[in-house]
Amino acid sequence: MEKTAAPAIPRLVEDYLADARARGLSPSTLTQSYGYPLRNVLAPWCEANAITSLPELDNRALNRLSIELLDTGGKRGPLSKHSVHTYMRAINRFLAWAEAEGEGGGAKAQLPKLPKQLVDVLARDELERMEDAAKTERDKLIVRVLADTGIRVGELVNLRISDLLERDRNHFIRVRGKGSRERLVPLPRLYRRLLKYAEQGRPEDVNTDRIFIALRRRPGGDYAALTTSGVDQMIRNLAKTANIRKRVYPHLLRHSYATWALTGGMNPIQLAQILGHSSLAMIQNVYSHLSPSDAYNAMLKMLADD
């Protein structure tokens, strides 16, 4: 019986991306985090090196690819360890999928070792200075919601009035995260203030239920929903006005919230649920900057609550 030829790598790449989309990955995540390393890095390199099927893409070949990216890179020169780490990790996910599908392969790329980076955070007084610097209730609430919930800026701009929920006298916001996954994020202190703004603080003739909208009308007369780039610029400007020297951006408020929560003794599993992480890996990797004294203080707080 004639042996069936192994599928070409570009075809397998498209099958894998279709599978990832069917599992609910957003188009932007699919294109940037999954598609680019496979379509624009792996597939062209395999073609240039006459590698036409997965069985030929063994560990040695993957090592050559990684070294070439580090030493030569692309049109702009050698790539950083972080970029190569990101690309090779995406390739490993693809290879693991292909092996599970019975398409051969089984190789796994070595990931460049990355230097440990410390995550900067805001102090509570710096956050208060930013809120004080904001001239509108909308901007004050944006600062406070990002810092008190740890939600992503993309999740914030998509909040709707119907996402303000009360359950058994507890208050939450419903957040639509990555992969269209929904979660409830506690909002004990800001709920009534945010609800009042949503119902009374926006223009009376606004025709969207988005909580945060642009302050000026569009040429057609409607108010546009606030964009992530608009929030990013606003946060940077507030930090500058508040005379905060460090680089401040919306995701820094998320890092700050997570750090405050962990040092305050929050269970990492609960924190992962609030932040929308599917595992504890991100918590362990990103917030390893917490010191032994942080753990000691958290233990004291826990014992004091008994």
Approximate separation, where rounding is to 0.5 Å, of E137 CD and Q200 CD: 11.0 Å
Would you check if the side chain of T228 reaches a backbone N or O of V153 as a donor-acceptor pair within less than 3.5 Å? no
Value for CG (L159) from CD1 (I151), rounded to nearest 0.5 Å, stands at 4.5 Å
To check you understand the geometry: which heavy-atom pair defines the closest contact between A109 and L62, and what is its length? N-CD1, 3.5 Å
Check the surroundings of atom CD in E47: do more than 12 heavy atoms from other residues, nucleotides or ligands lie under 6.0 Å from it? no
Straight-line distance of D15 CG to D19 CG, nearest 0.5 Å: 9.0 Å
State whether the number of non-hydrogen atoms from other residues, nucleotides or ligands found under 6.0 Å of E101 atom CD is greater than 12. yes
Could you see if L184 belongs to whatever hydrophobic cluster contains I274? Use Ile, Leu, Val, Met, Phe, Trp, Tyr and a side-chain cutoff under 4.5 Å. no
Distance (rounded to the nearest 0.5 Å) between R245 CZ and N243 CG: 4.5 Å
In one Ile/Leu/Val/Met/Phe/Trp/Tyr side-chain cluster, 4.5 Å: L215, V145: no
Heavy-atom count check: over 12 atoms from other residues, nucleotides or ligands less than 6.0 Å from R189 CZ? no
Do the side chain of Q233 and the main chain of G230 share a donor and acceptor less than 3.5 angstrom apart? no
Residues, nucleotides or ligands: over 12 heavy atoms within 6.0 Å of L165 CG: yes
Is it true that atom NZ of K140 has more than 12 heavy atoms of other residues, nucleotides or ligands lying nearer than 6.0 Å? yes
Taking it one step at a time, do R183 and E155 satisfy salt bridge (charged side-chain N to carboxylate O under 4.0 Å, His left out)? CA-CA 11 Å; R183 67 186 190 275; E155 297 168 342; 2.9 Å; yes
Are any of the side-chain nitrogens in R124 or D148 under 4.0 Å away from the carboxylate oxygens of its partner? yes
R64 vs W45, test: side-chain contact (heavy atoms from CB on, under 4.5 Å). Steps then yes/no. CA-CA 10 Å; R64 293 199 302 273; W45 185 85; 4.0 Å; yes
Hey, mind stepping through E182 and V175 against side-chain contact (heavy atoms from CB on, under 4.5 Å) and telling me if it holds? CA-CA 6 Å; E182 291 187 356; V175 176; over 6 Å; no
Report yes if some heavy atom in the side chain of R210 is under 4.5 Å from a heavy atom in the side chain of L226; otherwise report no. no
Ignoring hydrogens and angles, tell me if any N or O in the side chain of D139 forms a donor-acceptor pair with the backbone of K135 under 3.5 Å. no
Would you say R202's side chain and F212's backbone share a donor-acceptor pair under 3.5 angstrom? no
Are the side chains of Y249 and D232 in touch, meaning some heavy atoms are under 4.5 Å apart? yes
Provide the closest heavy-atom pair for R169 versus H171 in the form atom of the first, atom of the second, distance. O-CE1, 4.1 Å
Please verify the inter-ring angle class for F94 with W97; under 30° counts as parallel, over 60° as perpendicular, anything in between as tilted. parallel
Verify side-chain contact (heavy atoms from CB on, under 4.5 Å) between S162 and R174, making sure each step is shown before the conclusion. CA-CA 8 Å; S162 57; R174 178 172 51 213; 4.0 Å; yes
Those residues that, when tested against N170, pass side chain to side chain contact (heavy atoms under 4.5 Å, CB included) (two or more places apart): F172
ILVMFWY network linking I213 to M234, side-chain heavy atoms under 4.5 angstrom: no
For K246, is the NZ atom crowded, meaning more than 12 foreign heavy atoms sit under 6.0 Å from it? yes
Heavy-atom closest pair, residues A107 and L95: O-CD1, 3.5 Å
Checking N49 side chain against I51 main chain: does a donor-acceptor pair fall under 3.5 Å? no
Do the side chains of V206 and L164 join up, straight or via other hydrophobic residues, at under 4.5 Å, putting them in one cluster? no
If you measure from CG on L65 to CG on L57, what distance do you get to the nearest 0.5 Å? 8.0 Å
Indicate yes or no for a side-chain donor-acceptor contact from R93 to the backbone of Y34 under 3.5 Å, with no hydrogens or angles considered. no
Could you go through M88 and I91, starting from their C-alpha distance and side-chain angles, then the distance that decides it, and tell me whether this counts as side-chain contact (heavy atoms from CB on, under 4.5 Å)? CA-CA 5 Å; M88 302 311 289; I91 291 170; 3.9 Å; yes
Same cluster (ILVMFWY, side-chain, under 4.5 Å), L122 and V231: yes
Which atom pair, heavy atoms only, marks the closest approach of P78 to L70? CB-O, 3.1 Å
To the nearest 0.5 Å, what is the distance between CD on E199 and CD1 on I211? 10.0 Å
Kindly give the heavy-atom pair with the smallest separation between R236 and V248, and that separation in Å. CG-O, 3.5 Å
Determine the interplanar angle of the Y87 and Y36 rings, folded into 0 to 90°, and report it as parallel if under 30°, tilted if 30 to 60°, perpendicular if over 60°. tilted
Could you pull out the closest heavy-atom pair between W260 and A147, with the gap in Å? CZ3-O, 3.6 Å
